[in-house]
Amino acid sequence: MTLPDGTTHVVPSGTTAKELLRKYTRQNAHEILAVKVNGQPKDLNTSLTEDVSVEPITFASPEGKEIYRHSSAHIMAQAVKEVFPSALLTIGPPIDEGFYYDFDFERPFTPEDLEKIELRAREIIKANYPIERLEMSKDEAIQFFHDRGERFKAEIIRQIEDPQVSLYRQGDFIDLCRGPHVESTGRIKALKLLSSAGAYWRGDERNPMLQRIYGTSFPSQEELDAYLTKLEEIKRRDHRKVGKELDLFSIQDETGPGLILWHPKGALIRLQIENFWREQHLTQGYELVYSPHVARLELWKTSGHVDYYRDNMFAPMSVESAHYQLKPMNCPFHILVYKSHLRSYRDLPIRYAELGTVYRYERSGVLHGLLRVRGFTQDDAHIFCRPDQIEGEVKAVLTLTMHVLHRFGFTDCELYLSTRPEHAVGSQEKWEQATAALEAALQGGGFAYTIDPGEGVFYGPKIDLKIKDALGRAWQCSTVQVDFNNPERFGLCYIGEDGKEHQPIMIHRALLGSIERFFGILVEHYGGAFPVWLAPVQVQVLPITDKQHAYGQTVVHHLRRAGLRAELDARNEKIGLKIREAEKAKIPFMAVVGEREAQSATVSVRERGGVNKGVMTVSEVVDLVRSCMPSDELASVPQ
RNA sequence: GCUGGCGUAGCUCAAUCGGCAGAGCAGCGGUUUUGUAAACCGCCGGUUGGAGGUUCGAUUCCUCUCGCCAGCUCCA
């Protein structure tokens with residue numbers, strides 16, 4: 001047998017993996033959940049009968065977590081069957097941070113049910129039943145589950161191709177499962193059921209609805225507690241809650257679902273985002289354009305949206321016997337701007353950028369705060385270029401994207417290259433050329449990436465970016481997509497060096513994705529405590545008594561003249577209350593002015609969070625606040 | 001869209017079994033002139049999301065409808 005440290009050991013045939021590891025590794029036995037035998041995950045009590053490599057699996061690895069949570073799901077299923085024998089088993093896989101199990105049951109599970117099930121699950125853990133693997137022929141297994149009334153399990157087995165299936169037994173509970181599992185129920189140290197909800201059998205809404213229970217488990221109570229604390233933190237930072245508390249935006253019945261009202265403070269933050277965005281684009285050789293919110297239906301027929309995107313569009317409206325369509329995308333307009341002149345190869349690349357507001361019909365059940373809405377503003381741009389320019393353009397887009405995302409505190413990014421899907425337009429040659437160009441751009445820019453085979457859009461390959469927020473959650477915002485379809489549909493051309501017409505390539509790209517969604521992500525990322533450059537109010541001036549109001553007003557004027565966003569809190573309230581409310585509003589700096597400060601033309605500065613920065617002059621405050629703003633160092637591209 | 005839950009004052013939440021809709025904060029009017037996370041007193045505030053029904057009587061029970069929340073599915 002070969003171990004991961006490279007040592008080899010000779011053991012009697014039939015020795016279990018557990019015995020081998022216990023004898024020859026120093027790793028704590030209680031950390032080892034399962035093993036990899038020749039790279040294949042297996043149970044700890046797998047008998048070793050030939051020469052193989054054996055590697056322990058612990059909770060630290062993704063496979064370890066999966067096995068741990070999968071075993072947890074079985075324990076929960078056993079508990080459900082014991083508490084509610086009429087519940088039927090279906091499937092129960094591990095997921096990112098836990099597991100779920102779907103049951104066919106006559107009614108939804110209540111929180112009280114979950115408590116009962118959780119208590120029973122704890123007893124099962126305490127009983128420390130060994131978890132044993134059984135093998136059966138398919139027919140035997142079907143008969144077995146059929147006899148027990150588990151018709152969903154029988155259905156699953158019928159669809160398995162192997163003639164032999166595996167089952168796992170713990171106590172009296174037996175479930176179909178590929179495995180592997182931990183060796184006994186007692187290996188699960190901390191288990192918690194989190195929620196229940198309906199879910200369709202096989203995820204299809206035409207199928208009967210099952211009752212799903214979500215849960216999670218960890219090797220220690222401390223780790224479980226830390227996870228639950230994180231869930232609390234996620235709730236605390238929810239942009240819908242913070243947005244209300246900080247008065248950033250609202251969504252009201254009178255307006256309609258999925259349509260956002262930006263309140264002054266939210267609008268001011270948005271303005272900073274947009275100003276930064278425009279500056280960056282102008283520096284990087286983009287030209288800004290504006291386009292209308294509606295256009296003749298014919299335009300959307302030409303673009304193909306009527307045929308392929310109708311389900312996501314608002315219904316057309318008719319005006320003076322013509323039909324108009326509210327725009328779901330900006331591209332056709334940018335194309336029309338391109339087409340307004342005959343273009344030379346010398347003009348390319350042409351880069352049109354627009355913060356374009358689009359409207360899309362989304363099913364009511366999917367709307368979610370700012371993250372999923374029906375009207376949103378894309379930070380859109382379309383680059384028209386020659387095929388040989390794709391690589392350079394994409395590389396520049398990626399560089400700009402990174403720069404922009406960095407500004408918002410997102411430094412952890414993952415890139416994905418999506419290649420040709422089954423149904424696609426454009427020749428094989430075009431696809432290969434464009435995909436190679438994207439890959440070259442990724443490599444040339446030194447970006448690490450993962451390939452998503454077949455995940456490209458039908459009109460061309462794309463690169464997607466996922467950012468990680470302060471709580472470690474991944475969000476996809478940025479996308480760069482090559483498009484062979486629209487240039488064809490609209491008959492785009494440029495005159496080449498040869499004096500003949502050629503078709504340009506179009507690149508769609510968005511860095512932030514949607515301003516609404518990105519803003520929602522930002523609110524949660526910062527927990528509402530925006531950095532100084534984005535904060536709607538940067539300095540709150542707080543007079544101790546109304547005798548300092550005039551002086552406070554002077555301070556505000558000075559700060560505003562220096563380009564800072566400052567407000568005076570002239571209410572007849574005590575300083576403690578003013579500070580408390582400025583803290584709750586998450587204002588980065590507070591400038592307290594009392595008798596002493598007014599006399600000496602200074603202010604007493606308190607930073608958000610309670611740090612006292614001491615007494616200083618107004619111009620020192622300006623320097624202090626400015627020192628907290630980012631500087632811009634991305635070089636412009638020569639155009 | 002589907003399944004389930006929820007909808008009470010601007011906000012956060014009470015209201016026993018179907019029996020007079022209530023509190024804190026906010027707002028407004030006073031008092032207070034305050035030194036780094038909540039001063040005090042008073043006042044105002046509601047077709048209980050909307051429509052219909054059952055009932056002597058509905059926030060409470062029933063039907064429909066709108067919206068929100070969780071999940072399924074889909075996506076920026």
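Quick caveat: nothing in here was measured; it's all calculated off a predicted structure. Chain identifiers are assigned alphabetically (A, B, ...) following the order of the sequence lines, protein sequences preceding nucleic acid strands; residue numbering begins at 1 within each chain.
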Protein-nucleotides 63-65 of chain B N/O pairs closer than 3.5 Å?
none

>> Please list, in numerical order, the residues of residues 191-198 of chain A that have a heavy atom closer than 4.0 Å to any atom of RNA chain B.
In response: A:A197, A:G198
> Could you give the CD1-to-P distance, from A:I575 to B:A37, as a whole number of Å?
Replying inline: 10 Å
> For B:C17, which nucleotide in any strand shown is its Watson-Crick or wobble partner with both distances under 3.5 Å?
Replying inline: none
Can you check nucleotides 74-76 of chain B for protein contacts, nitrogen or oxygen pairs under 3.5 Å, and list what you find?
| from | atom 1 | to | atom 2 | distance (Å) |
| --- | --- | --- | --- | --- |
| B:C74 | O2 | A:R372 | NH1 | 2.8 |
| B:C74 | O2 | A:R372 | NH2 | 2.7 |
| B:C74 | N3 | A:R372 | NH1 | 3.3 |
| B:A76 | O3' | A:Q476 | O | 3.3 |
| B:A76 | O2' | A:R517 | NE | 2.5 |
| B:A76 | N6 | A:E362 | OE2 | 2.9 |
| B:A76 | N6 | A:V373 | O | 2.8 |
| B:A76 | N1 | A:V373 | N | 3.3 |

> Across all strands shown, which nucleotide pairs with B:A9 by Watson-Crick or G-U wobble geometry, both distances under 3.5 Å?
Replying inline: none
>> Between A:E112 and A:K116, does any NZ, NE, NH1 or NH2 come within less than 4.0 Å of an OD or OE carboxylate oxygen?
In response: no
>> Suppose we call a contact any N or O donor and acceptor under 3.5 Å apart; does that hold for the side chain of A:R606 and the base of B:A37?
In response: yes
> When you measure from the side chain of A:Y526 to the backbone N and O of A:F408, does any donor-acceptor pair fall under 3.5 Å?
Replying inline: yes
>> Taking the basic N atoms (NZ, or NE/NH1/NH2) and the acidic carboxylate oxygens, is any pair closer than 4.0 Å for A:E581 and A:R571?
In response: yes
> So, for A:E354 and A:W277, which heavy atoms are closest and what is the spacing to 0.1 Å?
Replying inline: N-CH2, 3.9 Å
> Could you give the CZ-to-P distance, from A:R571 to B:G27, as a whole number of Å?
Replying inline: 7 Å
> Do you know which of A:R351, A:H508, A:R509 makes side chain to side chain donor-acceptor pair (under 3.5 Å) with A:H382?
Replying inline: A:H508
> Any N or O donor-acceptor pair linking the side chain of A:E597 to the base of B:G35 at under 3.5 Å?
Replying inline: yes
> With sugar-phosphate meaning primed atoms plus P, OP1 and OP2, does A:G594 contact a base, only sugar-phosphate, or nothing at under 4.0 Å between heavy atoms?
Replying inline: base
>> Quick check on contacts: within residues 539-555 of chain A, what sits under 4.0 Å from RNA chain B by heavy-atom distance?
In response: A:I544, A:T545, A:D546, A:K547
> Looking at RNA chain B, which of residues 234-262 of chain A put a heavy atom within less than 4.0 Å of it?
Replying inline: A:R240, A:K244, A:D253, A:P257
> When you look at A:D113 and A:R107, which way does the salt bridge (charged side-chain N to carboxylate O under 4.0 Å, His left out) test go after all the steps?
Replying inline: CA-CA 11 Å; A:D113 294 338; A:R107 59 172 176 84; 2.7 Å; yes
> What nucleotide, of B:U3, B:A37, B:G35, holds the atom closest to the side chain of A:E595?
Replying inline: B:G35
> Tell me the side-chain hydrogen bond (donor to acceptor under 3.5 Å, both in side chains) pairs involving residues 584-596 of chain A, sequence neighbours left out?
Replying inline: A:E595-A:Q599
>> Regarding A:Y214, tell me which of base, sugar-phosphate or nothing describes its non-hydrogen contacts under 4.0 Å with the strands shown.
In response: sugar-phosphate
> How is A:Q211 classified with respect to the nucleic acid when contacts are heavy atoms under 4.0 Å: base, sugar-phosphate, or nothing?
Replying inline: nothing
>> Starting the side chain at C-beta, find the nucleotide from B:G71, B:A39, B:A37 nearest to A:K574.
In response: B:A39
> Quick one: which of B:C72, B:A70, B:A39 gets closest to the side chain of A:H368?
Replying inline: B:A70
> Mapping A:G365 and A:L577 to their closest nucleotides on RNA chain B, which lands nearer the 5' end?
Replying inline: A:G365
> So which nucleotide from B:G4, B:G35, B:A37 ends up closest to the side chain of A:S604?
Replying inline: B:G35
>> Distance check needed: B:A37 P versus A:I587 CD1, whole Å only.
In response: 15 Å
>> Applying a 4.0 Å non-hydrogen cut-off, can you work out what A:R107 is touching in the nucleic acid: base, sugar-phosphate, or nothing?
In response: nothing
> Expressed as a whole number of Å, how far does the P atom of B:U36 sit from that of B:C43?
Replying inline: 33 Å
